[in-house]
2 protein chains.
Amino acid sequence: MPDPKRPHSSVASNFQADADRLFVRSAARAIHVLSAFHDADGPLSLTDIAAKAEIDRSAAQRLVHTLMSLGHIRRSADDRGYLPGLRLLDHTHDTLRLDPVVQVATPVILEMRKSLSERIDFSLYDETRVIYALRMQSKRETFYATLVGHSVPTFCTAGGRATLSALPVAEAREIIDRFPLHQYTSQTNIDPDSIMERLEKARRDGFALVENEFVMGEVAVGVPILNRQGRPLGAIHIAGSLSEWSVEDFSRSTAPIAQEAARAINASF
Amino acid sequence: MPDPKRPHSSVASNFQADADRLFVRSAARAIHVLSAFHDADGPLSLTDIAAKAEIDRSAAQRLVHTLMSLGHIRRSADDRGYLPGLRLLDHTHDTLRLDPVVQVATPVILEMRKSLSERIDFSLYDETRVIYALRMQSKRETFYATLVGHSVPTFCTAGGRATLSALPVAEAREIIDRFPLHQYTSQTNIDPDSIMERLEKARRDGFALVENEFVMGEVAVGVPILNRQGRPLGAIHIAGSLSEWSVEDFSRSTAPIAQEAARAINASF
DNA sequence: TACAGCTGTATCGCCAAGCAATACATTTAG
DNA sequence: CTAAATGTATTGCTTGGCGATACAGCTGTA
């Protein structure tokens, strides 16, 4: 019986189909609290967290209290608001070191560095995006180009296109249609049909080539990592500056190296 | 009234002082489930997770179910056991990008790379350990030397000693006494008094120098990052191979660069 | 081929853990 | 000086989480 005295009970019960007897709401809420920082650009107050996690201030208080006692949230240095806690980085380490693809990709990528001075990244496939797992910087990079965990859209990046090109056409199309095709630069290709053509080309070439579509002035080559069934697990990508390279020179001198590395990794899956 | 029918209720109620009315047990248990992977060396079964998180199989089932639906746990590729999920890397990204020290350290470290070809790391201070947050590889590295989130003891590493040297003596001593001083190599210094002397030297020199104590054949220089109150927030460290460098040459050519970088960062706090 | 011991999955009734509401002392913003 | 934030603390109600238990599907082994 719905109780009119409880104004919140009518409202969405924090995601998840109601009749999931195994779903632990408090656990999910704790994660939502941590995820509140996904669209933050600085410390969050309890009220901010409550709003972003879609819970009331009481719940936020309890959850933040709990997470803080576990080191997964901390107070900001100036004692205004909360920030993600350092213990979260322990999970990072687990995620990376236990990932079979990262395990075999690491030494291969490390080896690549010897023959290449451009930025080399390895990222993991997550449908509409790829997530940076290993990063090897070149000389000048930006802040975000150095952080692990950064994710970028599949539809307009070299690593993303590489993974999409390994999917059945229908599936790639579904992902492109699902994701909001934001115009990141003036040259971002946001036409689904045209993107599909680029995927077809990438499939033929064995690598994806993207210029100016996500970051202006950047050219990148991406090669997918596949399991035995041919499904994409991640991608190796190499990024260079258009002020130093012509597109042709860049792809000619980097694509074969990336492809060879990918072959070495694919052999394990 | 204690109920003898509930065998688990007598036992430690999943950490945390009982009379903490704000503590949300299910939330903490969810975190414990994720932390179960800290001492795993491969996929874990439900039973494994239950054991490591110190909960029963039912709780593990529910929590894993919940975390899996949120992408924080996934099935392993061969469908045997569970692994940390990719969504955890989103929290990594938040932790790093929202950390004020990482924000200002990143460009400085990037800049350092131009004048140095050795491995440069930036790590965050967490009392008995420092956690790698930014990593710039040199040529040959090992698997663990490339992963973000990896943590190493403060007592026997360059970054760790650097941070300890910035603490009041009593506090540094307390941390050293608290942490189990494991003999990582034949040359690891596990004598508290002797370590304290090394800290004193690091304080005078303005940098910590460690050779062969954590990884054989490695020499490293560490410099602390401090806030306005002089408390350590993290450290910059540079590691080199003893097969290429004498200890003196290494410290002479790297320490000043690290110190200058640290000064640039410290100015912001 | 049966069996023992694993997996992961599913169900259920009980009750205390988690809940929302509320109050409040401080600090910040206007 | 007020108004609206901040974080903190308490309480009584009730539903969400709990542990126990059962089971189907593998895997290896005797």
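Just so it is clear, the values below take in all heavy atoms, side chains as well, and ignore hydrogens, waters and symmetry mates. In what follows, every chain begins at residue 1, and chains take the letters A, B, ... in the order their sequences are listed.
Considering only side-chain atoms of Y82(B), the nucleotide from dG17(D), dG8(C), dA20(D) that sits closest is dG8(C). Here the side chain of R62(A) is nearest to one of dA20(C), dT9(C), dG7(D), namely dA20(C). Distances were taken from every side-chain heavy atom of R57(B) (C-beta onward) to each of dC19(C), dA20(C), dT9(C); the shortest belongs to dT9(C). Candidate nucleotides dC19(C), dT9(C), dG18(C) were compared by shortest atom distance to the side chain of R29(A), and dC19(C) ranks first. For R25(B), taking side-chain heavy atoms from C-beta onward, the closest of the listed nucleotides dG13(C), dA20(C), dG19(D) is dG19(D). Out of dA17(C), dG7(D), dG13(C), the shortest distance to the side chain of L46(A) is found at dG7(D).
Between D78(A) atom CG and dG7(D) atom P there is a gap of 11 Å when expressed in whole angstrom units. Taking atom CG on L63(B) and atom P on dT9(C), their separation rounds to 15 Å, with Å as the unit. One can place CZ of F23(B) at 13 Å from P of dC19(C), the figure rounded to the nearest angstrom. Distance L22(B) CG to dC19(C) C1': 12 Å, rounded to the nearest Å. Spacing between atom CG of D56(B) and atom C1' of dC18(D) amounts to 8 Å, rounded to whole angstrom units. Atom pair H65(B):NE2 and dT9(C):C1' shows a separation of 11 Å (rounding to whole Å applied). For the pair D79(B) CG and dG25(D) C1', the computed distance is 12 Å after rounding to whole Å. Across the protein-nucleic acid pair, D20(B) atom CG and dT10(D) atom P stand 11 Å apart, rounded to whole Å.
Between L83(A) and R75(A), every side-chain heavy-atom pair lies at or beyond the 4.5 Å cut-off. Inter-residue side-chain proximity for F179(A) and T154(A) is flagged as unmet; no heavy-atom pair is nearer than 4.5 Å. R87(A) has its side chain out of reach of L70(A): every pair of non-hydrogen atoms, C-beta onward, lies at least 4.5 Å apart.
Comparing Q61(A) and Q61(B), the nucleotide of DNA chain C nearest to each residue sits closer to the 5' end for Q61(B).
Put simply, R80(B) has no side-chain N or O that comes within less than 4.0 Å of OP1 or OP2 on dC6(C). Remark: S58(B) is not in phosphate contact with dC18(D), judged by side-chain N or O atoms under 4.0 Å from OP1 or OP2. Listed pair R21(B) / dA9(D) fails the phosphate criterion, with no side-chain N or O lying under 4.0 Å from OP1 or OP2. Taking only side-chain nitrogens and oxygens, S26(B) never comes nearer than 4.0 Å to OP1 or OP2 of dA17(C).
Ion pairing of R97(A) with D41(B) is absent here, as no side-chain N (NZ or NE/NH1/NH2) approaches a carboxylate O to less than 4.0 Å.
Figure legend: cation-pi geometry between R161(A) and F155(A) absent, as NZ or CZ is not positioned both under 6.0 Å from the six-membered ring centre and within 45° of its axis.
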